[in-house]
Protein chains: 2
Amino acid sequence: MLKYQEVADRIELAIKDKKLSQGTRLPSLNELISKYDVSKTTLVKALTTLEDKGVIYQVQGSGIFVRRQKRDGYIALMTNMGFTKDLENNKLSTKVIDLKIETPSAEVARELNCAPGEEVYFIKRIRYVDNNVLCIEQSYFRKKIVPYLNKEIISESIFNYLTEVLKLKIGFSDKYLRTDILKKTEAKLLELPNNSPGLYIDELFYTASGEPFDLSQTIYNYKHANFFIQSGQK
Amino acid sequence: MLKYQEVADRIELAIKDKKLSQGTRLPSLNELISKYDVSKTTLVKALTTLEDKGVIYQVQGSGIFVRRQKRDGYIALMTNMGFTKDLENNKLSTKVIDLKIETPSAEVARELNCAPGEEVYFIKRIRYVDNNVLCIEQSYFRKKIVPYLNKEIISESIFNYLTEVLKLKIGFSDKYLRTDILKKTEAKLLELPNNSPGLYIDELFYTASGEPFDLSQTIYNYKHANFFIQSGQK
DNA sequence: AAGTGGTCTAGACCACATG
DNA sequence: ATGTGGTCTAGACCACTTT
């Protein structure tokens, strides 16, 4: 366990534990340095991590303060993984519609940087929160990087499987978001009337070494999809 | 100018200048250290900045690589300011619908953490890209923090005015995003048929010292609103 | 084994905010 | 003036990847 990561976790835990509210001032840098017995640089790095995560904000010359918590039920858009964590207070379930191995279309192959003839898993799922349709999701995984998937695995959180079983290190992702009118087949799957709005998110996930491995399109039911984005300036 | 910031800018410029494509490897840490004549820590901080910004990614034991550029015309959702920069290749204009000083509603006062009786500017604008309606925007600015606004100022980029004229230091923001069916009045302003989809973004902006100063709701025309989100893991 | 990125330290010095 | 956060350094050591 990295030192700065551990310190960051302990500080975050302390905030949640004591239920410190927005604007509450934390102990000064020097106090935290003695408390956790690390160098200044390490402590600063821990704080930077928490700042990026939206847990605190730092004001030069003044102090370190607790930042507001996001509204419950909102899905954080910047975290890499699925929303398993964001909706932990809700009942999540998944229905698998399709799972097969195929040779990708030219467009998919290009996005995923596939070699000619390389195969991918194609997955189509419906995800529910509290028995309401949250979204339909179509994903392509490069078989080269994700060699095995089955119906059982993809009925749960795929990303947990990737990181914990396959020990895949996820690096970063690009997401494109837009709103449009649902197509008839989409509306039906989302249990919405024809011509309802839909929220479309295209994502491309990369491993830590920069290889794209998952291209997916998710279409959200607008009634149950609320997103949250925290931005910083630094 | 901070040293790490300057180094970061120079590296970013070099990438853009030489039009290095995704996956191109940059010189090694040690080479960059000698090239820019800074300590390792400073160089690493510069690289971290660029990594957060989505310009590069670093792979331990391997190298530093150029990350893919976002598609043109997409609006980055994590930068704090408006989209002036994202749409610099497009013709942007603004029509002011309303500008007045008022005593905020209980809800607005709560979000902005206003003292009793404190006044706010209320602004309503329509923004156009290439002569198409991009969005309608309603904002509340705390007069205490933004003491003066006029029609001319808000016809341009308000955030440029805040940072460059008022020297306001913007800290961070919370954004909430959802899709819904437009109300009749909204559809009319956006020049869309009744019952069209709309993309709603609520934002709360804070100064660097943690004071909320701007609460706004923006409703985007789904035909011209494409958003981009880059995520990292670190 | 060699090279590359990543963590950590102790300490000097700078910039900003508050009393 | 003091205290607070922020930058910067030189250098030791660690972890991962490549050859």
Side-chain angles (χ1 to χ4, degrees), chain A residues 1-11 23-52 55-67 145 167-172 206-211 232-234, chain B residues 1-11 23-52 55-67 145 167-172 206-211 232-234:
Chain A
M1 187 70 171
L2 296 174
K3 228 169 186 174
Y4 77 86
Q5 194 51 256
E6 186 178 331
V7 172
D9 289 347
R10 286 176 67 186
I11 293 175
T24 306
R25 193 178 146 172
L26 298 183
S28 75
L29 262 184
N30 285 327
E31 291 175 274
L32 292 171
I33 287 167
S34 352
K35 178 163 183 187
Y36 294 105
D37 192 31
V38 289
S39 74
K40 183 168 182 177
T41 317
T42 302
L43 203 270
V44 164
K45 175 133 193 185
L47 293 176
T48 306
T49 306
L50 291 175
E51 194 169 33
D52 289 345
V55 177
I56 59 164
Y57 60 94
Q58 301 184 73
V59 184
Q60 185 165 163
S62 178
I64 305 157
F65 303 88
V66 175
R67 191 160 162 185
I145 297 173
K167 304 289 180 200
L168 185 67
K169 280 172 197 155
I170 296 167
F172 49 91
Y206 298 79
T207 64
S209 60
E211 274 195 306
Q233 84 286 24
K234 299 187 181 178
Chain B
M1 188 70 170
L2 295 173
K3 227 169 187 173
Y4 77 86
Q5 194 52 256
E6 186 178 331
V7 172
D9 289 348
R10 286 176 66 188
I11 294 175
T24 306
R25 194 180 144 170
L26 298 183
S28 75
L29 262 184
N30 285 326
E31 291 175 273
L32 292 170
I33 287 167
S34 351
K35 178 164 184 184
Y36 295 105
D37 191 32
V38 290
S39 74
K40 183 167 182 176
T41 317
T42 302
L43 203 270
V44 165
K45 177 135 192 183
L47 293 176
T48 306
T49 306
L50 291 176
E51 194 168 33
D52 290 346
V55 177
I56 59 163
Y57 60 94
Q58 300 184 74
V59 184
Q60 186 165 160
S62 178
I64 305 158
F65 304 88
V66 176
R67 193 162 160 184
I145 297 174
K167 304 288 179 200
L168 186 67
K169 280 172 196 154
I170 296 167
F172 47 92
Y206 298 79
T207 66
S209 61
E211 274 195 306
Q233 85 286 22
K234 299 189 181 180

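Values below: every heavy atom of this structure, side chains too, minus hydrogens, waters and symmetry copies. We name chains A, B, ... by the order of the sequence lines, and we start the count at 1 in each one.
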Over how many whole Å does the gap from Y4(A) atom OH to dA15(D) atom C1' extend? 13 Å
From the list dG5(C), dC8(C), dG5(D), which nucleotide is the closest neighbour of the side chain of K3(A)? dC8(C)
Between V44(A) and R25(A), which has a closest nucleotide on DNA chain D that is more 5'? R25(A)
Among the candidates dG5(C), dT7(C), dC8(D), find the nucleotide nearest to the side-chain atoms of S39(B). dC8(D)
Closest approach to the side chain of I64(B), judged atom by atom: which nucleotide of dT7(C), dG5(C), dG5(D) is it? dG5(C)
Sorted by position of nearest nucleotide on DNA chain C, 5' first, the leading residue of V38(A) and S62(A) is V38(A)
Between the main-chain N or O of L2(B) and the side-chain N or O of Q5(B), is there a donor-acceptor pair closer than 3.5 Å? no
When you measure only distances, ignoring hydrogens and angles, does the side chain of S209(B) come within 3.5 Å of the base of dA17(C) through a donor and an acceptor? no
Answer with base, sugar-phosphate or nothing: what part of the nucleic acid does K40(B) contact at a heavy-atom distance below 4.0 Å? base
Output the single nucleotide from dA15(C), dT7(C), dG5(C) whose closest atom is nearest the side chain of K45(A). dT7(C)
Kindly assign one of parallel, tilted or perpendicular to the pair Y57(A) and F65(A), based on the angle between their ring planes and the thresholds 30° and 60°. parallel
Looking only at heavy atoms, the pair that brings Y36(A) and L43(A) closest together is CD1-CD2, 4.5 Å
Using atom CG of N30(B) as one end and atom P of dG6(C) as the other, report the distance to the nearest whole Å. 12 Å
Under 4.0 Å, counting only non-hydrogen atoms across every strand here, what does T41(B) touch: a base, just sugar-phosphate, or nothing? base
Nearest to the side chain of Q58(A), which nucleotide is it out of dC8(D), dG5(D), dG6(C)? dG5(D)
